[in-house]
2 protein chains.
Amino acid sequence: MTSRLTHSLRSDAQDNRERILAAARTAFAEQGLDVAMREIARRAEVGPATLYRHFPTKEALVTDVFTEQMAACTAIVDEGLADPDPWRGFCRMIERVCELHALDRGFTAAFVSAFPSAIDLAADRERALGKAAELARRAKAGGKLRPDFVLDDLIMVLMANGGIRTTSPAAAVAASRRFAALLIQGMRAEPAIPPLPPAVRLPLAAL
Amino acid sequence: MTSRLTHSLRSDAQDNRERILAAARTAFAEQGLDVAMREIARRAEVGPATLYRHFPTKEALVTDVFTEQMAACTAIVDEGLADPDPWRGFCRMIERVCELHALDRGFTAAFVSAFPSAIDLAADRERALGKAAELARRAKAGGKLRPDFVLDDLIMVLMANGGIRTTSPAAAVAASRRFAALLIQGMRAEPAIPPLPPAVRLPLAAL
DNA sequence: ACGCTATCGGAACACCCCGTCCGTTTAGCT
DNA sequence: AGCTAAACGGACGGGGTGTTCCGATAGCGT
């Protein structure tokens, strides 16, 4: 979906479009969705008007940027679904989706509070959630996932994971790993006690 | 701390001050710390200047508002500490703190820190965290809390709990209850499988 | 090489925010 | 009731945001 109608664009236009998307990706990943459009334009070394010609509104830009992240999300669920052991697939899905969200501060926001008109994003999300529900169903059938788990729990976990703020991407990954492990342990139907991933120092600014 | 120097204020001034604090409390609770000062003044039926005379900066207002919430937090930890069964005290502490945060969207932000000069808040927070650490130590000694639990995990849980967005306060409480239960289950050293609190429908805006 | 036109980008618009100034109101004491 | 100082609140400035206008630029077919 990155190369949709790009062939009908002039060479410099296409170049700018790609630089804008790249800049928006990193900006959203680092600072969340609240980055100013000007800031994105500045990073892409482009005027604000150019940005707005390629993406008529901020929402359009966000939608375009996160379409591929959503695809990555779906791929992760699919891989979990492909695992012969549904419980292991379920666990890996949760871990990897949490890590994906942890590495991109904007993605959780884009995922959860879909914009009024980001229909493609919402549709993709529903598809991914449907598959996740099937995976959960199988994991329950296997007796490893607690039967009272519901799909909304997964959304809750994603929202919660998005609330964790860290200083570096590395810390974000580590925190999300530990967080996911804690939750997976809580979701287990017949528990054992594997060790948690290492603890993470969380930034309490102005301590 | 609500009535510190209020006696030296003129009657209307004191009245306004209290209305401002009340308005700020509910506004912060409902919408988080990002409410406009003007909005708070409007809710308190007061001009912006009046608001700024009583609280020279937004940060001062936030600090004053959340001092009592912080006290409530400390009280919760103390009650947990007072429980003869440290594990039960630990669990109740987590549940109640999560609920407290769920009912006040701004509190998590104010707690996690945020402000450069909210010294009292930070100090109170450190005290509460220290007590929580002691409670965790006892719960570990009792063999019920997994030994690799660390204090940062508690902060992580609070941050995560703050990421959960709901539509109504009732839903927020229900969600935080379920969330806390899931995590407590994950923190248990020797697990059993109690049923989770009821599931919560989470708002995925637009569909 | 030329010119047509798609594309660019700085400046500008409308809006909202925080925090302040100053003329008006009002509490409270005599 | 009258006076004075304390308190009020509408209007202001500076800065930020998303978005648009229009003159300048530069790709590309001829």
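In this text, all values refer to a predicted model and were calculated from it rather than measured experimentally. We name chains A, B, ... by the order of the sequence lines, and we start the count at 1 in each one.
- Nucleotide C:dC8 holds its C1' atom 16 Å from the CZ atom of A:R17, rounded to whole Å.
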Study note, to complete from the structure: Protein heavy-atom contacts under 4.0 Å, written 5' to 3' over nucleotides 18-30 of chain D as B (base), S (sugar-phosphate only) or - (none), form the string BBBB-----SS--

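- Within the model, atoms CZ of B:R96 and CD of B:E79 stand 4.0 Å from one another, a figure rounded to the nearest 0.5 Å.
- In this model, the phosphate group of C:dT7 is not approached by any side-chain N or O of A:H54 to a distance below 4.0 Å at OP1 or OP2.
- A straight line from CZ of B:R19 to C1' of D:dG9 spans 13 Å, rounded to a whole angstrom.
- One can place CD of A:Q14 at 16 Å from C1' of C:dC8, the figure rounded to the nearest angstrom.
- Remark: B:L100 CG to B:E95 CD distance equals 13.5 Å, nearest 0.5 Å.
- Contact annotation: A:T50 reaches the phosphate of C:dG9 (side-chain N/O to OP1 or OP2, under 4.0 Å).
- Separating the CG atom of B:L51 from the C1' atom of C:dC17 is a distance of 14 Å, rounded to the nearest angstrom.
- Panel note: side chain A:R38, backbone A:V35; no donor-acceptor pair is recorded below 3.5 Å.
- Rounded to an integer number of Å, the gap from A:E45 CD to C:dG10 C1' is 16 Å.
- The distance between atom CD of B:E39 and atom C1' of C:dC18, rounded to the nearest whole Å, is 15 Å.
- The side chain of A:N16 places an N or O atom within less than 4.0 Å of a non-bridging phosphate oxygen (OP1 or OP2) of C:dC8.
- Of all the heavy atoms in A:F149 and B:R178, the pair that sits closest is CA-NH2, 4.0 Å.
- With rounding to the nearest 0.5 angstrom, the CZ atom of A:F55 is 6.0 Å from the CD1 atom of A:I20.
- A donor-acceptor pair under 3.5 Å is formed between the side chain of A:K58 and the backbone N or O of A:L33.
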